[in-house]
Amino acid sequence: MPQAKFCIGNQAAWSDPRFNDSSWQDLKTNTFWEKQGVDHNGYAWYRFHVRLPSSLKTRSALKDSLLLNLAYVDDCDEVYFNGKKIGQTGRFPEDKGGYSTAYANKRGYHLALKDLTINWDRENVIAVKVYDGNGDGGIGNGTPYVTILDYIDNMAINTNNSFTFAAANVRKELKVTNNNDTLVKGLFTVNAKDEQTGKNVYSKQYNISIAPKANATILIDIAGKPGTTLTYIFAEQKTGKSIMAIEQSPYILTPRPQETPRINGAQITGVRPNSPLIYKIAATGKKPLTYSATQLPDGLKLDSATGIITGSIAKAGDYPVNISVKNTLGTTSRTMTIKVGDMLALTPAMGWNSWNCWGTSVTAEKVKSSAQALIDKGLIDHGWTYINVDDAWEASARSADGTIVTNEKFPDMKALGDWLHSHGLKFGIYSSPGRLTCGGYLGSLGHELQDAETYNKWGVDYLKHDWCSYSEVAGSDTSLETFMKPYRVMQKALRAQPRDIYYSLCQYGMKDVWKWGPQVDANSWRTTGDITDTWESLHDIGFRQYKLSEYARPGRWNDPDMLIVGKVGWSGNLRNTRLTPDEQYTHISLWSLLASPLLIGCDISQIDDFTLNLLTNDEVIAVNQDTLGKQARRVLAKNEYEVYVKELADGSKAVGLFNLADKYRTISVKPSEISLSPSAQVRDIWRQKDLGKIAEGLTYKLPPHGVMLIKVKSN
Ligand code: GAL
């Protein structure tokens with residue numbers, strides 16, 4: 001049902017199948033209304049006229065119920081089948097408890113055949129009332145359909161377990177779930193295809209029978225080669241109907257860190273005079289490590305066992321500090337500059353944010369468990385430090401004196417902040433300049449100073465300030481000043497605090513925010529709408545950032561949104577990212593070249609070997625954290641491939657060659673095409689291997705949506 005009749009507004013009569021909607025406009029239902037030029041927040045209705053062939057019923061063995069799949073709905077909806085209400089997801093503003101978005105939930109309405117009046121072989125009307133709080137609006141992110149459920153529709157292939165790596169093999173357990181009330185038998189097939197040759201390289205079949213409401217487990221254990229597509233098919237015996245799941249086998253590019261000590265992370269940090277500094281020296285090597293520093297300015301102290309520098313410096317200036325890290329295998333040293341002045345975020349922020357995994361189901365426990373995992377799994381040793389709580393920490397009302405209060409999921413924010421700081425981590429929080437946040441929680445409107453003071457008490461180091469319901473205030477006024485004003489108000493409130501609070505603007509790029517972000521003291525600004533874990537989203541957002549290169553500089557970064565690697569889900573239900581391993585290498589390479597903030601979006605406590613490896617390559621991170629603070633320029637855009645070049649502080653260049661095609665292809669770039677010298681030396685930084693001179697050119701065979709990321713140094 002890729003299209004429906006559509007009308008803005010809300011009238012009870014629109015649920016009635018007899019209502020005449022012929023004057024309504026036709027609207028696509030596989031993409032949100034804002035994306036089709038309907039600029040509207042609030043109510044609207046869709047009406048589908050559907051002929052259900054009776055063959056649907058006769059071909060089903062189960063004949064039990066219909067499934068109405070509405071893909072995703074932004075934000076909440078109520079559904080009528082031939083005039084009968086069959087379900088609701090999310091809450092409308094007039095519902096008890098008030099508006100609550102459910103945009104992250106896929107809509108599948110199951111309807112018992114016995115409860116429905118279905119007009120077989122004739123027209124049925126499905127009417128959908130939608131309320132959009134903000135942003136996209138309506139039905140999208142998939143194509144709605146109706147089907148009659150069969151045994152196979154109550155079965156699922158669950159690929160959610162992570163792969164482990166054992167010698168040259170990748171391994172994981174799959175689950176085939178039977179949600180029927182009867183035993184189901186069938187054939188399970190595993191195929192592996194080599195995308196380079198297009199040939200099937202592996203095939204195995206299993207006859208399985210699964211008890212009612214039970215699982216079967218299949219162990220996958222095959223050679224883990226790049227470019228391998230795994231296809232799993234379960235064919236149900238009675239009907240021959242089948243379900244399928246596809247994934248790519250992961251592969252690891254980066255060698256493990258050496259046992260000898262190595263100092264990682266940014267070589268510069270910015271702090272304001274007298275503001276508290278927390279800086280954790282990021283270092284790898286066999287534990288225990290011992291940290292020391294010479295020329296540490298007055299007012300600072302270093303904990304030699306943890307590598308955490310704390311204190312404050314009164315006088316502005318550049319303070320180069322010589323840091324050493326020692327273990328039983330050796331010692332290493334590096335200079336790190338503490339720049340005491342007005343600017344923060346001299347390199348892009350690196351850390352974690354709760355949104356892409358937990359959405360509004362975030363709790364203090366979940367935040368702590370990702371923070372603990374960030375420490376335990378060693379991400380902190382590569383420079384990952386911010387732990388940012390996104391939306392849904394706020395209570396439904398302020399206290400009597402107007403102070404913002406946390407909800408029951410966050411019993412003690414100050415304790416959380418203290419705990420993070422004691423581990424050398426930084427604490428981020430989320431609000432909106434409007435009355436409500438995008439999730440419908442309390443925003444800061446009219447309480448900006450009070451909120452900034454509260455954040456200061458809690459030890460907050462980072463604020464993401466999300467436009468959301470500020471549209472109510474802005475109304476139809478589209479002047480630049482109206483867009484800047486709310487961010488100025490909060491800027492003043494933050495600046496009045498005795499601690500540094502990184503200021504992250506989130507208003508999806510409206511009014512070319514990159515042009516005026518610095519004027520409201522923003523350290524970064526979102527340049528687009530929300531990212532999701534698909535190649536389309538990654539491509540659409542990531543590969544148009546090059547236009548903004550000139551606006552990025554130390555302390556002022558373009559933010560193309562958070563990382564979509566690992567287990568994500570925007571809800572209590574997490575899944576593996578839908579990006580292939582190659583797309584994930586592309587994602588991290590591109591965000592590093594773009595000098596984008598790097599905020600991990602997955603639950604770190606469930607991070608797998610592949611994702612951990614992806615996020616701990618110090619040479620790749622160094623591209624992102626380079627002190628020159630330049631965003632890569634796109635220097636070549638040809639038929640389905642692009643080349644980006646980022647200038648680095650040591651005079652070398654990071655170069656990313658991206659294959660945007662969905663098949664393997666060989667990319668060849670002459671040095672002169674991208675202003676490089678043939679005698680320059682090339683290093684593959686994912687694999688951390690020197691490749692010699694550029695000579696004739698850069699020629700690489702790249703996987704679908706894959707990347708080659710190199711560092712090029714002229715002699
Ligand atoms: C969106 C924002 C997301 C997330 C969400 C919370 O507007 O872009 O990143 O913060 O609001 O409700």
Side-chain angles (χ1 to χ4, degrees), residues 32 34-35 41 72 74-76 90-91 98-105 131-137 140-141 349 351-363 366-367 386-396 407 409-410 428-445 460 462-472 474 483 486-487 490 502-510 513 517 522 524-533 537-538 540-542 557-564 568-572 591 596-602:
F32 298 111
E34 297 265 349
K35 296 214 160 101
N41 298 325
Y72 290 84
D74 187 46
D75 287 287
C76 42
R91 286 196 313 259
Y99 164 63
S100 169
T101 179
Y103 83 96
N105 304 0
Y131 178 82
D132 172 31
N134 206 314
D136 287 342
N141 210 359
W352 175 86
N353 172 294
S354 58
W355 187 250
N356 290 358
C357 44
W358 301 121
T360 55
S361 83
V362 64
T363 63
K366 287 175 174 168
V367 172
Y386 281 97
I387 296 291
N388 296 353
V389 178
D390 206 281
D391 204 357
W393 58 267
E394 311 88 335
S396 57
N407 58 37
K409 298 184 300 163
F410 288 85
I429 211 166
Y430 168 97
S431 188
S432 168
R435 192 172 53 85
L436 296 177
T437 66
C438 291
Y441 294 79
L442 284 186
S444 294
L445 185 66
V460 166
Y462 183 116
L463 173 68
K464 171 173 172 182
H465 212 39
D466 193 354
W467 176 272
C468 305
S469 69
Y470 193 81
S471 309
E472 294 171 3
F483 283 79
Y487 288 103
M490 189 47 109
Y502 176 115
Y503 196 22
S504 153
L505 266 50
C506 178
Q507 46 84 287
Y508 341 113
M510 292 186 297
V513 62
S524 60
W525 43 81
R526 279 273 298 279
T527 55
T528 69
D530 288 15
I531 199 164
T532 190
D533 58 325
S537 176
L538 173 65
D540 179 42
I541 289 181
W557 310 105
N558 292 308
D559 174 5
D561 208 359
M562 302 172 289
L563 304 178
I564 35 165
V568 294
W570 291 266
S571 68
W591 263 235
S596 307
L598 297 177
L599 293 170
I600 300 171
C602 65

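In each ligand, atom 1 is the first atom listed, and ligand 1 is the first ligand listed.
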Problem set entry | Residues in salt bridge (charged side-chain N to carboxylate O under 4.0 Å, His left out) contact with D466, at least two apart in sequence or another chain | none

Seminar exercise, completed: Residues passing the ring pair (Phe, Tyr, Trp, His ring centres under 6.0 Å) test with W358, sequence neighbours excluded, are none

For this session: Decide side-chain contact (heavy atoms from CB on, under 4.5 Å) for K464 and R526; before the verdict, give the C-alpha distance in whole Å, the side-chain angles of both, and the deciding distance to 0.1 Å.
Result: CA-CA 10 Å; K464 171 173 172 182; R526 279 273 298 279; 4.2 Å; yes

Problem set entry | Derivation and outcome, side-chain contact (heavy atoms from CB on, under 4.5 Å), residues T101 and C438 | CA-CA 8 Å; T101 179; C438 291; over 6 Å; no

For this session: Not counting sequence neighbours, which residues clear disulfide bond (SG atoms under 2.5 Å apart) with C357? List them please.
Result: none

Problem set entry | Y441 vs T360, side-chain hydrogen bond (donor to acceptor under 3.5 Å, both in side chains): CA-CA, chis, key distance, verdict | CA-CA 10 Å; Y441 294 79; T360 55; 4.7 Å; no

Write none if no such pair exists; otherwise list each N/O atom of ligand 1 with its protein N/O partner under 3.5 Å and the distance.
from: ligand 1; atom 1: 7 (O); to: D466; atom 2: OD2; distance (Å): 2.8
from: ligand 1; atom 1: 8 (O); to: R526; atom 2: NH1; distance (Å): 3.2
from: ligand 1; atom 1: 8 (O); to: R526; atom 2: NH2; distance (Å): 3.2
from: ligand 1; atom 1: 8 (O); to: D530; atom 2: OD1; distance (Å): 2.5
from: ligand 1; atom 1: 8 (O); to: D530; atom 2: OD2; distance (Å): 3.4
from: ligand 1; atom 1: 9 (O); to: K464; atom 2: NZ; distance (Å): 2.8
from: ligand 1; atom 1: 9 (O); to: R526; atom 2: NH1; distance (Å): 3.3
from: ligand 1; atom 1: 10 (O); to: D390; atom 2: OD1; distance (Å): 2.6
from: ligand 1; atom 1: 10 (O); to: D390; atom 2: OD2; distance (Å): 3.3
from: ligand 1; atom 1: 10 (O); to: K464; atom 2: NZ; distance (Å): 3.0
from: ligand 1; atom 1: 11 (O); to: D466; atom 2: OD2; distance (Å): 2.9
from: ligand 1; atom 1: 12 (O); to: D391; atom 2: OD2; distance (Å): 2.9
from: ligand 1; atom 1: 12 (O); to: G439; atom 2: N; distance (Å): 3.4

